[in-house]
Amino acid sequence: MPSIFLETERLILRTFRDSDSDSDSDSDSERLVALDSDPEVMRFINGGRPTSRSFVIERVLPQLTHEYPCIGTRGFWAAEEKATGAFLGWFEFRPLADDSADVVELGYRLGRAAWGRGYATEGARALIAKGFTELGVRRVTANTMYVNSRSRRVMEKAGLVFVRRWFGDWPDTIEGSEHGEVEYALERSQWKGGPNDVGHSTL
């Protein structure tokens with residue numbers, strides 16, 4: 001059964017179900033397939049292509065349910081709207097090494113119904129606060145395409161600071177990739193928030 005990892009004023013972040021291969025429309029696998037079927041959601045991931053259901057079951061769910069011993073939990077959580085229970089997407093707060101919580105990667109993928117409502121920033125701030133106050137995290141890092149202004153704005157609103165712009169050798173070129181990627185980061189020593197730093201924004 002899923003367990004709750006974190007709650008904010010408007011969100012519940014819970015674990016994904018470990019085994020979820022049936023075709024029930026209410027299953028996590030089907031929720032993920034629906035999320036990744038929106039070309040706008042996938043625009044900065046792979047150019048807008050949908051993720052197949054078989055790939056979700058065989059590759060995506062195992063990643064989303066992987067346990068990280070260094071923090072005693074997983075690195076990805078399903079995001080639900082607290083008021084309605086609606087599935088909004090997912091958040092990532094994943095240690096870059098299984099045996100060290102020093103550096104974690106922050107990420108998020110939310111459906112269009114959640115855009116413009118401050119959920120991404122609210123969840124990101126809460127994860128950062130939990131990481132710095134409870135999980136022993138020293139540095140939070142996040143990456144996105146240079147042209148993904150909405151995601152970059154979420155990182156900034158969550159307190160992360162621009163570190164660098166870089167160019168990777170990606171197997172598939174998508175629109176905007178010629179402008180490169182950007183990295184943002186926040187050190188625990190630079191963090192100015194608190195454990196209840198989950199204020200709203202418009203992103």
Side-chain angles (χ1 to χ4, degrees), residues 13 16 29 31-64 66 68 75-79 87-98 100 102-125 127-128 131 137-187 190-191 201-203:
L13 302 190
F16 283 93
S29 57
R31 293 186 182 101
L32 290 167
V33 170
L35 177 68
D36 285 9
S37 293
D38 187 333
E40 285 301 307
V41 171
M42 301 302 288
R43 176 184 174 192
F44 297 110
I45 307 300
N46 61 18
R49 298 189 307 275
T51 304
S52 70
R53 186 170 179 275
S54 61
F55 189 86
V56 166
I57 293 171
E58 296 169 9
R59 299 286 297 277
V60 176
L61 272 175
Q63 180 183 26
L64 299 185
H66 179 70
Y68 292 85
F76 294 84
W77 292 273
F87 176 77
L88 303 176
W90 53 258
F91 283 87
E92 171 194 9
F93 202 67
R94 176 179 60 89
L96 295 187
D98 278 7
S100 174
D102 283 353
V103 184
V104 300
E105 181 174 72
L106 171 69
Y108 31 79
R109 186 177 303 175
L110 303 180
R112 269 195 277 181
W115 294 3
R117 303 175 65 184
Y119 287 139
T121 301
E122 184 172 331
R125 285 176 173 172
L127 285 167
I128 291 169
V137 174
R138 296 181 178 274
R139 187 173 193 264
V140 177
T141 183
N143 295 272
T144 191
M145 289 180 64
Y146 176 83
V147 295
N148 192 350
S149 58
R150 291 183 64 88
S151 185
R152 293 180 64 178
R153 184 60 177 155
V154 170
M155 295 172 189
E156 293 165 357
K157 294 286 287 186
L160 278 69
V161 178
F162 176 80
V163 175
R164 63 180 178 127
R165 180 177 175 184
W166 55 282
F167 295 83
D169 185 17
W170 305 112
D172 298 316
T173 300
I174 64 176
E175 184 179 357
S177 60
E178 68 273 15
H179 299 289
E181 305 270 326
V182 289
E183 178 187 1
Y184 283 73
L186 178 64
E187 305 286 341
Q190 300 171 319
W191 182 56
S201 78
T202 58
L203 291 171

The single option from Val137, Leu13, Val104 that satisfies side-chain contact (heavy atoms from CB on, under 4.5 Å) with Leu127 is Leu13
Which of Val163, Thr144, Asn148 passes side-chain contact (heavy atoms from CB on, under 4.5 Å) with Val182? Answer is Thr144
Testing the basics here: between [X] and [Y], what is the closest heavy-atom pair and its distance to 0.1 Å?
X      : Y      : value
Leu88  : Leu35  : O-CD1, 4.4 Å
Gly176 : Met145 : C-CE, 3.4 Å
Ala142 : Leu160 : CB-CD2, 3.7 Å
Ser37  : Pro50  : CA-CB, 4.0 Å
Gly159 : Leu186 : O-CD1, 3.5 Å
Gly111 : Trp115 : O-CD1, 3.1 Å

Donor-acceptor pair, side chain of [X] and main chain of [Y], under 3.5 angstrom:
X      : Y      : result
Arg112 : Val41  : no
Arg152 : Tyr184 : no
Trp191 : Glu187 : no
Ser177 : Ile174 : yes
Tyr108 : Gly89  : no
Gln63  : Leu61  : no

Return the [atom1] to [atom2] distance between [X] and [Y], rounded to the nearest 0.5 Å.
X      : Y      : atom1 : atom2 : answer
Leu64  : Arg94  : CG    : CZ    : 11.0 Å
Asp36  : Met42  : CG    : CE    : 4.0 Å
Glu156 : Phe162 : CD    : CZ    : 10.0 Å
Tyr146 : Glu181 : OH    : CD    : 13.0 Å
Glu58  : Ser52  : CD    : OG    : 7.5 Å

Look at atom [atom1] of [X] and say whether more than 12 heavy atoms of other residues, nucleotides or ligands are closer to it than 6.0 Å.
X      : atom1 : result
Arg165 : CZ    : yes
Arg43  : CZ    : no
Arg164 : CZ    : yes

Over 60° means perpendicular and under 30° means parallel, so classify the ring planes of Trp90 and Phe76, tilted if in between.
perpendicular
- Would Asn143 and Glu105 count as a side chain to side chain contact (heavy atoms under 4.5 Å, CB included) if you check the C-alpha gap in whole Å, the side-chain angles of each, and the deciding distance to 0.1 Å? CA-CA 8 Å; Asn143 295 272; Glu105 181 174 72; 3.6 Å; yes
Can you find a pair of side-chain heavy atoms, one from [X] and one from [Y], that are under 4.5 Å apart?
X      : Y      : result
Lys157 : Arg125 : yes
Leu106 : Ile128 : yes
Phe16  : Leu32  : yes

### Message
A cation-pi test, strictly: NZ or CZ of Arg109 under 6.0 Å from the centre of the six-membered ring of Phe44 and no more than 45 degrees from its axis. Yes or no?
### Response
no
**Asked** After noting the C-alpha distance and the side-chain angles of Val33 and Thr51, does the key distance pass the side chain to side chain contact (heavy atoms under 4.5 Å, CB included) rule?
**Response** CA-CA 6 Å; Val33 170; Thr51 304; over 6 Å; no
